[in-house]
Amino acid sequence: MLGAVTAVPSLIPSDERTRLDRWRDSLLADPRRTRVWRWLAHTLITLFAFVLRLVNVGDPHALVFDETYYVKDSWSQWLLGFPSEWPGGADERFVAGETDFFTGVGSYVVHPPLGRFFIGAGMALFGADSATGWRIAAVVFGTGIVLLVYLFAKTLTGSLVFASVASGLMAIDGLGIVLSRVALLDVFLTFFIVLALWFVALDRRAALSRWAARAPGETTWGPVFWNRPWLLAAGAAAGAATAVKWSGLYVIAGIGVYVVIEDALARRRAGIAQWPMDAARQGLVSFVLLVPVAVVVYLASWAGWLFTDGGYDRHVLDASPATGFWSWVPLPLQNLWAYHQSMYAFHVGLSTPHSYASPAWQWPMMIRPTSMYWHQDDFGVNGCQLPGGCTEAVSSIDNPLLWWAGIAASVYLLVRFVMLRDGRHGLVLLGLAATYVPWLLYPERTIFQFYTVAMVPFLVLALTFALRDLARGPRSMTRAAGQAWVVVFLAVCVLLSAFWYPVWTGLPVPYEFWRLHNWLPTWI
């Protein structure tokens with residue numbers, strides 16, 4: 001049952017007792033001990049994830065990949081309220097510690113401001129001249145994703161073990177680690193997407209409770225529920241995701257479809273005679289709860305641009321404002337709309353060749369991960385203590401076993417959803433669909449494999465569902481064998497993450513050690 005708060009079911013059912021079952025039951029038999037483990041499990045996993053993301057985060061002290069845009073833009077936006085242009089040679093001067101030589105002229109940026117706001121806040125706290133300051137916000141939000149995966153999984157299943165496995169896999173995921181250690185926008189986008197869908201899961205749990213408490217009996221029309229604070233919160237979180245990158249719009253649309261379908265099925269199960277039209281009535285209410293708050297949050301993220309005068313295109317329509325029906329729109333919002341039209345044209349027309357570009361059809365196979373940083377030093381240079389020289393790399397290659405198993409598990413979960421129509425499976429699949437399928441519509445656009453960081457939380461949830469079914473013992477094997485395979489799989493995932501960690505974090509390693517990680521020729 002979704003949302004079972006007090007029960008702590010295992011990955012393994014209670015029909016056939018094993019030594020693991022007895023150990024678990026004795027461990028959780030005392031309610032006080034159960035409460036301790038509830039707090040201890042997610043606390044330890046989150047702290048572990050934080051350490052993996054924080055250690056040595058200031059190295060390399062260089063603008064890695066698209067940090068060349070986001071770091072400088074974030075800092076000027078923090079100081080001025082809008083991103084500013086920088087003169088030539090800005091990267092070298094900025095890395096050297098000179099951080100205040102921006103021109104003050106509005107810079108053309110093609111993503112909303114919220115992600116840059118978080119990066120700028122980290123720089124304000126830890127110093128704009130420090131690579132740790134550039135990246136600390138990503139560390140915090142990347143760690144927050146691990147905690148959200150735990151809470152999301154716990155809400156879906158009520159299981160301490162299920163939530164711990166899912167969040168543990170998220171903690172050691174390579175793409176999650178890499179994007180939590182560079183000052184790009186995708187980690188903030190992922191955080192708010194997972195937050196939004198967790199709120200939807202909480203809304204679903206509350207809805208199930210409402211319908212369970214309702215007296216049975218067939219009626220023509222059912223109640224319309226306005227008191228849905230979690231749906232309101234989901235709208236705010238999805239609006240924040242859109243305020244980081246426009247791909248958050250797909251999440252808002254997906255949530256709307258999911259909520260309407262769930263409401264319709266709930267009314268049919270409750271015996272509402274006119275359940276399709278009744279669901280449409282509720283759908284209008286859900287729209288009012290979901291979308292306006294998302295719009296408000298999105299517009300609020302542009303406050304710095306709206307309430308200052310120097311932003312790019314801030315006064316582009318001042319000489320020729322809209323007339324007729326649209327004349328009632330305040331002029332700053334007309335200018336903002338014109339800016340958005342320019343941003344949209346940029347995004348749909350972006351097809352610049354890039355050596356690490358990867359169209360979305362390649363993503364499931366992980367054909368072309370993104371090399372974000374690569375550097376070599378000879379022995380004795382820049383502190384290199386390895387006789388054959390030092391190689392430093394930051395690559396978005398994921399843990400191969402975790403990634404490919406997650407892709408297979410998502411297909412498995414889709415089949416299970418078709419067979420069982422389980423709304424929990426549907427919510428995980430919604431997260432995958434909203435973060436992957438839209439990119440297939442732009443095969444010519446310049447996009448990258450690391451965008452899949454937004455998919456990873458839902459891949460690990462799908463994988464955990466599959467592992468739970470395996471641990472229960474499918475027909476072809478005993479439960480003990482299924483449990484053994486799960487333990488072996490998790491152990492190999494941990495070992496592979498340990499093997500890949502230096503390549504994810506820019507640690508100095510021998511060149512041949514780095515070469516061992518290039519399993520496919522397209523990974524170089």
Side-chain angles (χ1 to χ4, degrees), residues 46-79 86 90-102 115-146 171-188 190-191 370-377 380-386 389-397 450 453 497-498 500-509 513-514:
T46 303
L47 286 175
F48 178 62
F50 180 70
V51 170
L52 291 179
R53 286 150 176 77
L54 180 65
V55 171
N56 207 40
V57 73
D59 290 325
H61 184 74
L63 293 172
V64 171
F65 199 66
D66 279 354
E67 282 186 341
T68 183
Y69 306 111
Y70 298 126
V71 169
K72 301 193 302 292
D73 285 344
S74 298
W75 184 233
S76 60
Q77 177 182 288
W78 180 263
L79 296 177
W86 296 75
D91 284 5
E92 293 77 9
R93 294 171 64 184
F94 197 95
V95 170
E98 189 180 351
T99 62
D100 58 353
F101 60 99
F102 46 81
R116 294 191 300 275
F117 173 83
F118 294 127
I119 296 172
M123 297 169 75
L125 287 173
F126 290 88
D129 57 348
S130 162
T132 300
W134 310 340
R135 300 166 186 155
I136 192 64
V139 171
V140 172
F141 277 81
T143 305
I145 293 169
V146 175
I172 64 171
D173 169 71
L175 200 52
I177 291 172
V178 171
L179 270 296
S180 299
R181 296 173 57 90
V182 292
L184 306 186
L185 301 181
D186 301 81
V187 72
F188 308 110
T190 303
F191 176 89
T370 309
S371 175
M372 297 190 174
Y373 177 81
W374 196 88
H375 179 75
Q376 274 191 313
D377 280 317
V381 177
N382 293 325
C384 175
Q385 299 301 312
L386 299 177
C390 299
T391 299
E392 299 175 4
V394 177
S395 177
S396 70
I397 300 175
F450 70 82
V453 67
S497 286
W500 286 90
Y501 187 76
V503 175
W504 294 332
T505 58
L507 295 176
V509 297
F513 180 79
W514 171 77

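Worth saying up front: this structure is predicted, and the values here are computed from it rather than measured.
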*Asks:* Please answer whether the main-chain N or O of Ala128 pairs with a side-chain N or O of Trp134 as donor and acceptor at a distance below 3.5 Å.
*Replies:* yes

*Asks:* Take the angle between the ring planes of Trp500 and Trp504 and call it parallel below 30°, perpendicular above 60°, tilted in between.
*Replies:* parallel

*Asks:* Under a 3.5 Å distance rule, please check whether Arg53 uses its side chain to pair with a backbone N or O of Ser180 as donor and acceptor.
*Replies:* no

*Asks:* Any side-chain heavy atom of Val178 within less than 4.5 Å of one from Phe450?
*Replies:* no

*Asks:* Indicate whether the side chain of Asp91 and that of Thr68 have a donor and an acceptor atom separated by less than 3.5 Å.
*Replies:* yes

*Asks:* Would Asp59 and Glu392 satisfy side-chain contact (heavy atoms from CB on, under 4.5 Å), going step by step from the backbone distance to the final call?
*Replies:* CA-CA 10 Å; Asp59 290 325; Glu392 299 175 4; over 6 Å; no

*Asks:* Side chains of Met123 and Trp78: closer than 4.5 Å at any heavy-atom pair?
*Replies:* no

*Asks:* Taking all heavy atoms of Leu175 and all of Val453, pick out the closest pair and write down the distance.
*Replies:* CD2-N, 3.4 Å

*Asks:* Are any side-chain N or O atoms of Arg181 and backbone N or O atoms of Ile177, one a donor and one an acceptor, separated by less than 3.5 Å?
*Replies:* no

*Asks:* Has the side chain of Thr370 got a donor or acceptor atom that lies under 3.5 Å from a matching backbone atom of Ser396?
*Replies:* no

*Asks:* Taking Ser497 for its side chain and Ile172 for its backbone only, find out whether a donor-acceptor pair lies under 3.5 Å.
*Replies:* yes

*Asks:* Quick one, Val394 with His375, criterion side-chain contact (heavy atoms from CB on, under 4.5 Å). Give me CA distance, side-chain angles, the key distance, then yes/no.
*Replies:* CA-CA 9 Å; Val394 177; His375 179 75; over 6 Å; no

*Asks:* Can you tell me if Trp75 uses its side chain to pair, donor with acceptor, with the backbone of Thr99 under 3.5 Å?
*Replies:* yes

*Asks:* When rounded to the nearest 0.5 angstrom, what is the spacing between CZ in Phe191 and OG1 in Thr143?
*Replies:* 10.5 Å

*Asks:* If you round to the nearest 0.5 Å, how far is CH2 of Trp514 from SG of Cys390?
*Replies:* 14.5 Å

*Asks:* Please confirm whether the backbone N or O of Thr132 pairs with a side-chain atom of Ser130, one donor and one acceptor, at under 3.5 Å?
*Replies:* yes

*Asks:* Within a reach of under 6.0 Å around CZ of Phe94, are more than 12 heavy atoms found that belong to other residues, nucleotides or ligands?
*Replies:* yes

*Asks:* Heavy-atom count around Tyr501 OH within 6.0 Å, excluding the residue itself: above 12?
*Replies:* yes

*Asks:* Write down the atom of Asp377, the atom of Cys384, and the distance for their closest heavy-atom approach.
*Replies:* O-SG, 3.9 Å

*Asks:* How far apart are the C-alpha atoms of Thr505 and Val57, what are their side-chain angles, what is the distance that settles it, and do they pass the side-chain contact (heavy atoms from CB on, under 4.5 Å) test?
*Replies:* CA-CA 8 Å; Thr505 58; Val57 73; over 6 Å; no

*Asks:* Is there a donor-acceptor pair under 3.5 Å between the side chain of Glu67 and the backbone N or O of Ala183?
*Replies:* yes

*Asks:* Rounded to the nearest 0.5 Å, how far does CG of Asn56 lie from CG of Leu507?
*Replies:* 5.5 Å

*Asks:* How long is the gap from OH on Tyr69 to CG on Leu185, to the nearest 0.5 Å?
*Replies:* 13.0 Å

*Asks:* Parallel, tilted or perpendicular for Trp86 and Phe102, by the 30°/60° rule?
*Replies:* perpendicular

*Asks:* Given side chains that start at C-beta, do those of Ile119 and Phe188 come closer than 4.5 Å, heavy atoms only?
*Replies:* yes

*Asks:* So which atom in Ala62 and which in Arg135 form the shortest heavy-atom distance, rounded to 0.1 Å?
*Replies:* O-NH2, 2.8 Å

*Asks:* How far apart are the closest heavy atoms of Thr391 and Gln376, and which atoms are they?
*Replies:* OG1-NE2, 3.3 Å

*Asks:* Kindly give the heavy-atom pair with the smallest separation between Val64 and Met372, and that separation in Å.
*Replies:* CG1-O, 3.3 Å

*Asks:* Let me confirm one number: the CZ-OH distance from Phe65 to Tyr70, rounded to the nearest 0.5 Å.
*Replies:* 9.0 Å

*Asks:* CD of Glu92 to CG of Leu63: how many Å apart, nearest 0.5 Å?
*Replies:* 9.0 Å

